[in-house]
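Since the structure comes first, as structure tokens, the remarks are kept for the end.
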Protein chains: 2
Amino acid sequence: MMPTADGVVRASKLPLYHQLYEILREKVRRAEWRPGEMIPSESELLKRYGVSRVTARQALDALVRDGLIYRERGRGSFVARPALEKGIMRILSFTEDMLQRGLTPGTRVLCAGVIRAPFEIAEKLSVEAGEELVRLERLRLAENEPLSIEESHLIHRYCPGILKHDFAQESLCEVLERDYGIRWSRATQVIRAVVAAPREAEILSIRPRSSLLFLERISYSQQSTPLEFLRIQYRGDRYALYNELTG
Amino acid sequence: MMPTADGVVRASKLPLYHQLYEILREKVRRAEWRPGEMIPSESELLKRYGVSRVTARQALDALVRDGLIYRERGRGSFVARPALEKGIMRILSFTEDMLQRGLTPGTRVLCAGVIRAPFEIAEKLSVEAGEELVRLERLRLAENEPLSIEESHLIHRYCPGILKHDFAQESLCEVLERDYGIRWSRATQVIRAVVAAPREAEILSIRPRSSLLFLERISYSQQSTPLEFLRIQYRGDRYALYNELTG
DNA sequence: TAGTGGTCTAGACCACAAA
DNA sequence: TTGTGGTCTAGACCACTAA
């Protein structure tokens with residue numbers, strides 16, 4: 001439900017300030033303006049999009065809160081430098097994560113199919129036990145070396161037919177967004193240290209009983225519906241998480 | 001620079017919406033209204049504080065973003081239930097952490113002394129190698145069972161004489177705040193899974209080569225000076241971290 | 001001095017909830 | 001029907017920056 005072309009649609013159900021916010025956010029994201037560069041002033045936006053000043057400011061304020069732009073009185077509004085994630089951990093796809101770390105990502109599919117939700121997973125996804133889930137198990141590589149095993153569980157009825165894709169080539173995230181309009185708004189996760197089971201040790205090419213960093217994550221759609229339950233087991237010797245805390 | 005009494009001050013340098021925000025935030029914080037209870041409607045706030053609707057809404061929107069209130073069209077604005085810390089991890093003392101988890105904390109001091117900063121720690125604290133550091137190693141207990149080993153390193157010149165305290169009884173955090181005026185404003189940390197070394201396994205009463213959740217944390221004072229380098233090794237079988245991610 | 005963003009106002013129409 | 005919050009407008013004055 002994006003505003004068509006490049007302008008706001010007054011007939012739309014989406015508020016004008018939200019449409020304008022989306023338009024400007026896309027321009028920043030697509031790097032239409034470079035970091036540090038000035039974006040159109042408020043008065044230009046009023047003329048360009050035919051909205052009132054308050055409405056335009058509502059959109060701009062949201063961009064400031066997102067850390068995408070900053071504003072200086074008397075000077076203008078500017079695209080922010082790629083922000084240091086202010087203590088907030090973002091949901092990253094494996095590919096994004098690897099590229100940020102300067103590593104080349106790779107993927108092999110270990111297993112892909114539909115299963116009946118066991119009780120403990122059904123509970124986390126707020127569905128009935130026995131509900132159909134898409135289960136996708138992938139080996140993730142960094143620089144062609146095994147790094148982690150990811151086991152995704154998606155509620156099948158929200159993404160029917162998704163298994164026809166080859167997830168060694170395509171990103172699950174991208175397919176969900178492109179074909180099903182699903183994007184993650186937030187997630188909760190538990191972080192543990194566990195001992196590698198024999199099967200996982202073999203797949204990851206490590207000694208049995210090595211340490212693994214183990215994540216269990218529930219991801220929520222924009223409608224705040226839990227749609228994915230994810231388990232990731234990272235090789236303890238090759239992966240660490242980084243975060244910031246506030247006082 | 002709080003608004004005096006209970007009203008906005010038009011002569012103040014602080015914007016009206018910010019004054020109103022502070023006033024309302026205090027009322028919520030002091031539990032003047034109970035969670036779930038309706039707060040005055042916009043029209044009441046306009047009359048009560050003599051501001052325009054846009055201004056009042058600016059204050060209310062900020063409270064919504066803070067998670068202190070929620071609003072429902074046609075019904076009113078209500079005090080939110082105690083919010084789940086929205087993805088931001090806070091720096092907790094061991095005691096706070098245990099009490100939140102409903103466990104009884106305990107501490108034994110394994111080692112306390114002054115050392116010369118080795119290179120890798122000096123670097124993280126931005127001091128010269130060889131600078132005097134207070135090193136405090138503690139065993140942490142939950143329900144009288146070993147849970148973790150904490151190794152703190154503090155820059156000695158910021159807290160001279162701190163070792164006269166008995167840290168089996170006193171909290172390091174509290175002593176730092178009370179006697180030295182030091183409080184943590186933020187921290188950065190790295191999270192890993194490691195294999196327990198023989199000494200640590202013995203202290204923690206676990207099998208050798210068990211998995212440990214390993215944190216390395218640098219804590220910054222209010223002046224943004226790094227003052228503490230902390231290593232914590234948690235038993236993997238008894239401890240997990242929880243956090244939230246944003247999309 | 002001209003242009004920018006920061007603040008504030010009075011008033012309007014709407015969708016929605018509850019009585 | 002009444003009251004609530006959601007959206008939007010046109011216009012105003014201000015402080016600040018840069019020429």
Side-chain angles (χ1 to χ4, degrees), chain A residues 1 3 7-25 27-28 33 36-80 222-223, chain B residues 1 3 7-25 27-28 33 36-80:
Chain A
M1 188 77 92
V8 293
V9 182
R10 303 196 83 90
S12 164
K13 292 197 155 188
L14 289 163
L16 292 183
Y17 70 85
H18 191 259
Q19 293 183 43
L20 185 52
Y21 162 76
E22 295 265 21
I23 290 169
L24 297 175
R25 193 182 58 156
K27 293 199 187 225
V28 172
W33 304 302
E37 198 177 325
M38 184 175 163
I39 71 172
S41 70
E42 292 183 358
S43 57
E44 285 177 75
L45 291 174
L46 309 194
K47 276 183 292 192
R48 170 76 184 76
Y49 294 99
V51 297
S52 73
R53 183 151 177 232
V54 179
T55 303
R57 284 181 61 83
Q58 224 171 331
L60 292 166
D61 288 346
L63 292 169
V64 169
R65 281 196 299 276
D66 287 353
L68 291 176
I69 66 169
Y70 60 93
R71 320 186 71 194
E72 287 183 26
R73 197 204 302 242
R75 300 221 313 128
S77 303
F78 307 87
V79 177
Q222 289 130 309
Q223 290 74 39
Chain B
M1 188 75 94
V8 294
V9 183
R10 303 195 84 90
S12 165
K13 292 197 157 190
L14 290 163
L16 293 183
Y17 70 85
H18 192 258
Q19 294 183 43
L20 185 52
Y21 163 76
E22 295 264 22
I23 290 169
L24 297 176
R25 195 182 56 158
K27 295 200 184 222
V28 172
W33 304 301
E37 198 177 323
M38 185 175 163
I39 70 172
S41 71
E42 292 183 358
S43 58
E44 286 177 74
L45 292 174
L46 308 194
K47 276 184 292 193
R48 170 76 184 75
Y49 294 99
V51 298
S52 73
R53 182 149 178 235
V54 179
T55 303
R57 285 181 60 84
Q58 223 170 332
L60 291 166
D61 287 346
L63 292 169
V64 170
R65 281 197 297 277
D66 287 353
L68 292 176
I69 65 169
Y70 60 93
R71 320 186 71 195
E72 286 184 26
R73 196 202 305 239
R75 300 222 311 128
S77 303
F78 307 87
V79 177

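FYI, side chains are in, hydrogens and waters are out, and symmetry mates aren't considered; it's all heavy atoms of this structure. Chain letters run A, B, ... following the sequence lines, proteins first, then strands; residues in each count from 1.
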Check: Phe78(B) and Ile39(B) side chains under 4.5 Å, non-hydrogen atoms
no
Give a yes/no on whether any side-chain N or O of [X] is located under 4.0 angstrom from OP1 or OP2 of [N].
X        : N       : value
Thr55(A) : dT7(D)  : no
Ser52(A) : dA10(D) : no
Ser77(A) : dG5(C)  : yes
Arg57(B) : dG6(D)  : yes
Tyr17(B) : dT7(C)  : yes

Can you sort out the partners of Glu42(B) under salt bridge (charged side-chain N to carboxylate O under 4.0 Å, His left out), two or more places apart, ordered by chain and number?
Arg53(B), Arg57(B), Arg71(B)
Under the salt bridge (charged side-chain N to carboxylate O under 4.0 Å, His left out) test, residues paired with Glu44(A) that sit two or more places apart:
none
Looking for any heavy atom pair under 4.0 Å, which part of the strands does Leu16(A) touch: base, sugar-phosphate only, or nothing?
sugar-phosphate
Quick one: label Gln58(B) by what it contacts on the DNA or RNA (base, sugar-phosphate, nothing), any heavy atom closer than 4.0 Å.
nothing
Can you tell me how far OH of Tyr49(B) sits from CG of Leu16(B), rounded to the nearest 0.5 angstrom?
12.5 Å
Has the side chain of Gln19(B) got a donor or acceptor atom that lies under 3.5 Å from a matching backbone atom of Val9(B)?
yes
Check side-chain contact (heavy atoms from CB on, under 4.5 Å) between Arg48(B) and all other residues, then give those that pass, not counting sequence neighbours.
Asp6(B)
Identify, with sequence neighbours excluded, every residue that meets side-chain contact (heavy atoms from CB on, under 4.5 Å) alongside Tyr21(A).
His18(A), Arg25(A), Ala59(A), Ala62(A), Leu63(A), Asp66(A)
Could I get a table of every N or O pair under 3.5 Å where one atom is in the protein and the other is in nucleotides 13-16 of chain C?
from    : atom 1 : to       : atom 2 : distance (Å)
dA15(C) : O4'    : Arg73(B) : NH1    : 3.3

Measuring from the side chain of Ser43(A) (C-beta onward, heavy atoms only), which nucleotide among dT4(D), dG5(C), dT4(C) has the closest atom?
dT4(C)
Between dT7(C), dT4(C), dT9(C), which nucleotide has the shortest distance from any of its atoms to the side chain of Val54(A)?
dT9(C)
How many Å lie between [atom1] on [X] and [atom2] on [N], as a whole number?
X        : N       : atom1 : atom2 : result
Glu42(A) : dT9(D)  : CD    : P     : 14 Å
Leu20(A) : dT9(D)  : CG    : C1'   : 15 Å
Gln19(B) : dT7(C)  : CD    : P     : 12 Å
Tyr70(B) : dT4(D)  : OH    : P     : 16 Å
Lys13(B) : dC16(D) : NZ    : P     : 8 Å
Arg71(B) : dT7(D)  : CZ    : P     : 10 Å
Leu45(A) : dG6(C)  : CG    : P     : 13 Å
Met38(B) : dA17(C) : CE    : P     : 15 Å

Of all residues at least two apart in sequence or in a different chain, which pass the side chain to side chain donor-acceptor pair (under 3.5 Å) check with Arg73(A)?
none
Taking for each residue the nucleotide of DNA chain C bearing the nearest heavy atom, is the 5' side occupied by Ala56(B) or by Pro40(A)?
Pro40(A)
